[in-house]
There are 2 protein chains.
Amino acid sequence: MPDEPLQELVEREDLPAMRAWLAERPPYLIADELTRTGSPGAAVAFRLLDKDRQLEVFEELDPAHQQEILLGLRDSAFREVVERMDPDDRARLLGEAPATVARRVLAGLSPGERRMTAALLGYPEGSVGRYMTPETVALRRGLTVAEALEVIRERGPDAETVYTLPVVTDSRRLVGVVSLRALVTSEPSAAVAELLAGDALSVHATDDAEEAARLMQEANLLGLPVVDSEERLVGLLTIDDAVELIEAADTEDIARQSGASPLSGHYIRATVFALARARAPWLLLLIVAATLTVNVLQFFEATLAQVTALALFIPLLGGTGGNTGSQAATAVVRALAVGEVRAADLPRVIWREARVGLVLGAMLAVVGLLVGTLLVGAEIAVVVAISIVAICCWASAIGGTMPLLAKKLRVDPAVISAPLVTTLVDATGLVIYFLVARAVLGV
Amino acid sequence: MPDEPLQELVEREDLPAMRAWLAERPPYLIADELTRTGSPGAAVAFRLLDKDRQLEVFEELDPAHQQEILLGLRDSAFREVVERMDPDDRARLLGEAPATVARRVLAGLSPGERRMTAALLGYPEGSVGRYMTPETVALRRGLTVAEALEVIRERGPDAETVYTLPVVTDSRRLVGVVSLRALVTSEPSAAVAELLAGDALSVHATDDAEEAARLMQEANLLGLPVVDSEERLVGLLTIDDAVELIEAADTEDIARQSGASPLSGHYIRATVFALARARAPWLLLLIVAATLTVNVLQFFEATLAQVTALALFIPLLGGTGGNTGSQAATAVVRALAVGEVRAADLPRVIWREARVGLVLGAMLAVVGLLVGTLLVGAEIAVVVAISIVAICCWASAIGGTMPLLAKKLRVDPAVISAPLVTTLVDATGLVIYFLVARAVLGV
């Protein structure tokens with residue numbers, strides 16, 4: 001099979017080689033390469049796929065790239081792809097598409113599909129309703145195993161999954177869940193109601209989607225029933241969507257940790273301006289916050305003029321405090337994200353992070369003392385060492401506390417980025433440093 | 001149901017309340033609380049659960065806490081829990097347990113279970129073999145759907161999953177995969193061989209487990225067959241283990257991004273010294289690297305003594321450079337982790353990050369110019385502004401490049417942490433700053 005990247009074949013417009021390349025790859029790899037290729041080349045390659053594979057590949061793309069491909073298709077092909085998409089994927093595509101594209105998509109749908117999509121779009125962004133599939137196979141409470149399997153055989157092909165089967169009353173109220181595994185390993189005459197899984201977890205369609213996804217992960221579920229405010233079944237959140245939700249949340253948290261907004265698309269395809277835009281707001285905020293360090297240094301300018309050597313350690317102290325603080329912040333943000341720490345743990349976290357800072361500070365102070373003594377002299381070295389201990393203790397406590405305070409204020413803890421902590425610790429660390437210097441050196 | 005945390009009930013030794021608490025919670029929540037409670041209280045609570053729930057709760061714990069619980073059980077209970085564990089979970093427990101515990105676990109096992117566990121432990125750490133389940137239901141190629149369903153009914157209860165069914169030849173060579181969904185929605189007389197899924201992905205038992213997990217996520221698979229070097233089926237990697245692998249990898253990457261080693265256990269349960277130990281090595285390395293900034297400033301000390309005001313902007317410039325660099329590094333590390341960027345993209349990444357840095361630098365320079373002019377005067381403000389542009393461009397290019405270089409050198413790109421980039425940019429940024437100052441101010 002051709003080993004060149006698809007992109008090069010597309011650039012050469014080598015259709016036979018493109019066909020051969022596409023024929024040999026699984027859909028997720030094709031989707032990957034289409035994403036890197038970009039329109040209009042991607043649309044050309046996409047059109048070479050047969051109908052079934054088109055759909056499989058299309059489902060692997062994220063909404064932004066789905067749009068790109070769609071806009072490169074003729075009307076009939078466009079309509080067919082959209083009609084065959086899963087309703088939840090379609091809702092996500094529409095949620096991010098500009099109004100003109102959204103209208104074109106909705107116009108091409110059959111009434112049934114349009115109704116399902118509109119229902120999903122009615123739920124708030126980021127809620128379970130946007131990510132669940134409405135195409136479930138629900139079983140009535142009174143069925144036997146054999147009857148249930150018959151229902152699945154009939155309605156299974158249209159459903160997104162048949163492995164988690166919600167069991168409902170006649171008025172569609174959720175009773176519990178039965179797994180297909182339980183059905184196929186039981187006697188045909190057994191009652192479905194006897195096979196209900198022990199812990200019947202469910203979520204509401206308006207609940208937070210990321211939290212529901214983490215619940216599925218923790219409880220090892222392949223499907224989680226979704227109900228409305230009257231506990232009636234409206235859909236099912238499936239594990240593939242849950243995994244994507246968790247990955248997207250992690251990507252977002254990681255970007256936020258460096259003070260950037262998450263990119264909505266692919267790194268290699270994003271324009272320079274898109275990358276800059278994702279990073280600019282925090283950098284601006286942080287440089288404005290950093291003027292505080294200029295003020296602090298101005299305040300101590302007389303001391304600095306008297307002992308210029310103090311300036312030599314400003315970056316080292318700022319760096320050490322910043323690093324200690326951002327380690328603490330990163331650890332606590334992650335512990336919050338995976339549920340190991342709760343807002344109520346605040347006093348406990350402050351106390352332990354302060355002690356961690358003390359231990360780390362004492363260790364780092366030894367290095368400071370050595371470096372200081374070797375490069376400038378014992379007196380300033382003592383100032384540096386004492387400052388390191390105090391700054392580390394302070395930075396660690398602040399870094400650990402801020403994400404919890406954010407959580408208490410109902411702000412996403414991930415916005416307490418390493419750069420934010422670093423900038424804060426920079427300014428306050430300088431105050432500590434010069435106060436110690438004044439006390440020790442008597443200036 | 002009692003709303004107090006389990007921990008408090010354990011401390012009060014209120015057995016009836018503990019029983020009530022345990023009876024009302026799903027296993028994953030019980031596991032969560034046991035983890036926070038710690039031994040010996042956790043073992044006391046664990047013993048109050050009935051046998052089946054014990055196993056369900058036990059499987060939700062991570063290996064470190066499984067050990068804690070095990071050591072609090074009587075011999076017969078200990079043996080029973082271990083015997084009933086999934087072989088892959090047991091292998092992971094043994095992989096991390098001290099030799100004495102491992103021997104006790106192995107001694108208690110029945111011969112069949114011991115053989116399976118030993119086989120898994122034969123694979124290298126971090127390989128698929130350690131995470132796969134050997135308990136699969138494999139179907140012979142010649143079966144009909146009805147015969148296959150009969151096999152599943154018989155052997156399904158002992159298997160970890162029945163949703164992904166590997167299809168094999170008589171010599172156990174992997175032919176492909178059929179889904180239970182395909183079986184239950186097909187005619188009983190149909191041939192299994194006709195229902196094989198289109199793209200038959202599989203991995204080798206010695207392959208990297210994280211990569212296999214990401215493949216499952218990308219290709220939306222619930223199970224991925226695992227083969228030996230002769231393409232014979234040896235097991236199945238299931239989605240729940242894949243999700244855990246991805247989450248653990250993300251947690252590790254996030255910790256690394258702040259220059260800390262990943263904690264092996266739970267944040268709240270880790271001791272102050274365990275937390276400090278995870279963070280100390282990088283902090284030490286970074287403070288030693290930061291002495292470079294002291295050297296640079298010493299080199300320019302004459303300039304600094306002449307124009308003390310230059311010192312005022314050292315933290316602001318260091319901070320801005322560090323933030324810009326770590327944003328670039330974080331973005332590229334993540335793009336590498338999720339497969340959006342490859343090592344071969346190096347020139348492309350340098351070029352685009354340098355331009356992103358230029359755009360960001362130009363924007364931030366305006367702030368620098370304003371702040372500088374207001375606080376110290378136009379001349380120094382010009383120095384600051386020019387330095388910001390140069391430093392941002394440099395920091396962004398360096399930050400984006402280092403993870404790719406690490407990847408080329410076969411080092412985990414995640415070790416290119418934000419603090420490492422910050423420290424490097426700190427020292428080099430100072431050189432840029434003072435060279436600009438000398439040129440503009442003529443000192």
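Quick note on labels: first sequence line is chain A, next is B, and so on, each numbered from 1. Quick note: numbers below take in every heavy atom, side chains included, and nothing from hydrogens, waters or symmetry partners.
- A salt bridge links R334(B) with E247(A); the closest basic N to acidic carboxylate O contact falls under 4.0 Å.
- Of the two parts of V338(B), only the side chain, counted from C-beta on, holds a non-hydrogen atom closer than 4.5 Å to a non-hydrogen atom of chain A.
- For R214(A), the part sitting under 4.5 Å from any heavy atom of chain B is the side chain, from C-beta outward, and nothing else.
- With 3.5 Å as the limit, one finds no donor-acceptor pair spanning the side chains of R153(B) and T185(A).
- Scanning both residues, Y163(A) and R181(B), for their nearest heavy atoms gives OH-N, 3.0 Å.
- Distance check: I314(A) CD1 to L312(B) CG gives 8.5 Å after rounding to the nearest 0.5 Å.
- Proximity to chain B (any heavy atom under 4.5 Å) is shown, for A328(A), by both the backbone and the side chain.
- Minimum interatomic distance between R279(B) and S396(A) (heavy atoms only, all atoms of both residues): NH1-OG, 4.0 Å.
- Looking only at side-chain heavy atoms (C-beta outward), I388(B) and I287(A) come within less than 4.5 Å of each other.
- Taking R155(B), E353(B), E56(B) one by one and counting their heavy-atom pairs under 4.5 Å with chain A, the maximum is reached by E353(B).
- Listed options P315(A), A335(A), G156(A) were ranked by heavy-atom pairs under 4.5 angstrom with chain B; first place goes to P315(A).
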Worked verdict on E340(B) versus D32(A) for side chain to side chain contact (heavy atoms under 4.5 Å, CB included): CA-CA 8 Å; E340(B) 286 180 3; D32(A) 225 31; over 6 Å; no
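- For E218(A), the parts lying under 4.5 angstrom from a heavy atom of chain B are both the backbone and the side chain.
- Geometrically, R355(B) does not engage F273(A) in a cation-pi contact defined by less than 6.0 Å to the ring centre and at most 45° from the axis.
- At a 4.5 Å heavy-atom cutoff, the contact between E187(B) and chain A is made by backbone atoms alone.
- Taking each heavy atom of P26(A) and L201(B) in turn, the nearest pair found is CG-CD2, 4.1 Å.
- A276(B) approaches L360(A) most closely through the heavy-atom pair O-CD2, 3.5 Å.
- V359(B) touches chain A through its side chain: at least one heavy atom from C-beta onward sits under 4.5 Å away, while N, CA, C and O do not.
- Looking at V294(A), both its backbone and its side chain come within 4.5 Å of chain B, counting heavy atoms on both sides.
- In this structure, the portions of L180(B) lying under 4.5 Å from any heavy atom of chain A include both its backbone and its side chain.
- Only the side chain of L222(B) comes within contact range of chain A, with at least one heavy atom under 4.5 Å from a heavy atom of that chain.
- Interface remark: T271(A) contributes backbone atoms only to the contact with chain B (heavy atom separation under 4.5 Å).
- T423(A) touches chain B through its side chain: at least one heavy atom from C-beta onward sits under 4.5 Å away, while N, CA, C and O do not.
- Annotation: maximal heavy-atom pairing with chain A below 4.5 Å, among T251(B), T35(B), L275(B), occurs at T251(B).
- Neither the backbone nor the side chain of R277(B) comes within less than 4.5 Å of any heavy atom in chain A.
- Per-residue heavy-atom pair counts under 4.5 Å with chain A were compared for D240(B), V288(B), V332(B), V184(B), and the maximum is reached by V184(B).
- With a 4.5 Å cut-off on non-hydrogen atoms, V162(A) touches chain B through its backbone and its side chain both.
- Contact annotation for R348(A): only side-chain heavy atoms (C-beta onward) come within less than 4.5 Å of a heavy atom of chain B.
- Of all the listed residues (A31(B), G372(B), A159(B)), the one sharing the greatest number of non-hydrogen pairs under 4.5 Å with chain A is A159(B).
- Between chain B and the residues V371(A), T293(A), V356(A), I152(A), the largest count of heavy-atom pairs under 4.5 Å involves V356(A).
- Looking at N295(B) and L375(A), their side chains come closer than 4.5 Å, going by heavy atoms from C-beta outward.
- P419(A) and N323(B) make their closest contact through CB-OD1, 3.2 Å (heavy atoms, listed as atom of the first residue, atom of the second, distance).
- With values rounded to the nearest 0.5 angstrom, I246(A) atom CD1 is found 9.0 Å from I246(B) atom CD1.
- With a threshold of 4.5 angstrom between heavy atoms, I239(A) approaches chain B through side-chain atoms but not through N, CA, C or O.
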- request: Report the C-alpha distance between N220(A) and E59(B) in whole Å, list the side-chain angles of each, state the deciding distance to 0.1 Å, and finish with yes or no for side chain to side chain contact (heavy atoms under 4.5 Å, CB included).
  value: CA-CA 10 Å; N220(A) 280 337; E59(B) 283 175 343; 6.0 Å; no
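- The shortest side-chain heavy-atom distance between V272(B) and L358(A) does not fall under the 4.5 Å cut-off.
- Residue contact with chain B, scored on non-hydrogen atoms closer than 4.5 Å, involves the side chain of R53(A) exclusively.
- L215(A) has its side chain within reach of Y28(B): a pair of non-hydrogen atoms, C-beta onward, lies under 4.5 Å apart.
- V367(A) touches chain B through its side chain: at least one heavy atom from C-beta onward sits under 4.5 Å away, while N, CA, C and O do not.
- For V243(A) against Q217(B), the heavy-atom pair with the smallest separation is CG1-CG, 3.3 Å.
- Residues D345(A) and R36(B) form a side-chain contact, since some pair of their non-hydrogen atoms from C-beta on lies under 4.5 Å apart.
- Neither the backbone nor the side chain of L370(A) comes within contact range of chain B, judged by heavy atoms closer than 4.5 Å.
- With contacts defined as side-chain heavy-atom distances shorter than 4.5 Å, the pair T320(A)/L286(B) does not qualify.
- Neither the backbone nor the side chain of D52(A) comes within contact range of chain B; no heavy atoms are under 4.5 Å apart.
- Proximity to chain B (any heavy atom under 4.5 Å) is restricted, for S186(A), to the backbone atoms N, CA, C and O.
- Both the backbone and the side chain of Q327(B) come within contact range of chain A, with heavy atoms under 4.5 Å apart.
- Across V376(A), T291(A), L149(A), L364(A), the residue that shares the most heavy-atom pairs under 4.5 angstrom with chain B is L364(A).
- The contact between L430(B) and chain A is made entirely by side chain atoms (from C-beta outward), counting heavy-atom distances below 4.5 Å.
- Annotation: maximal heavy-atom pairing with chain B below 4.5 Å, among L283(A), V333(A), I254(A), T308(A), occurs at L283(A).
- Looking at D426(B), only its side chain comes within 4.5 Å of chain A, counting heavy atoms on both sides.
- Ranking G318(B), A427(B), A270(B) against chain A, the residue ahead of the rest is A270(B), based on heavy-atom pairs under 4.5 Å.
- Counting heavy-atom pairs under 4.5 Å between each of P157(A), A200(A), A289(A) and chain B puts P157(A) at the top.
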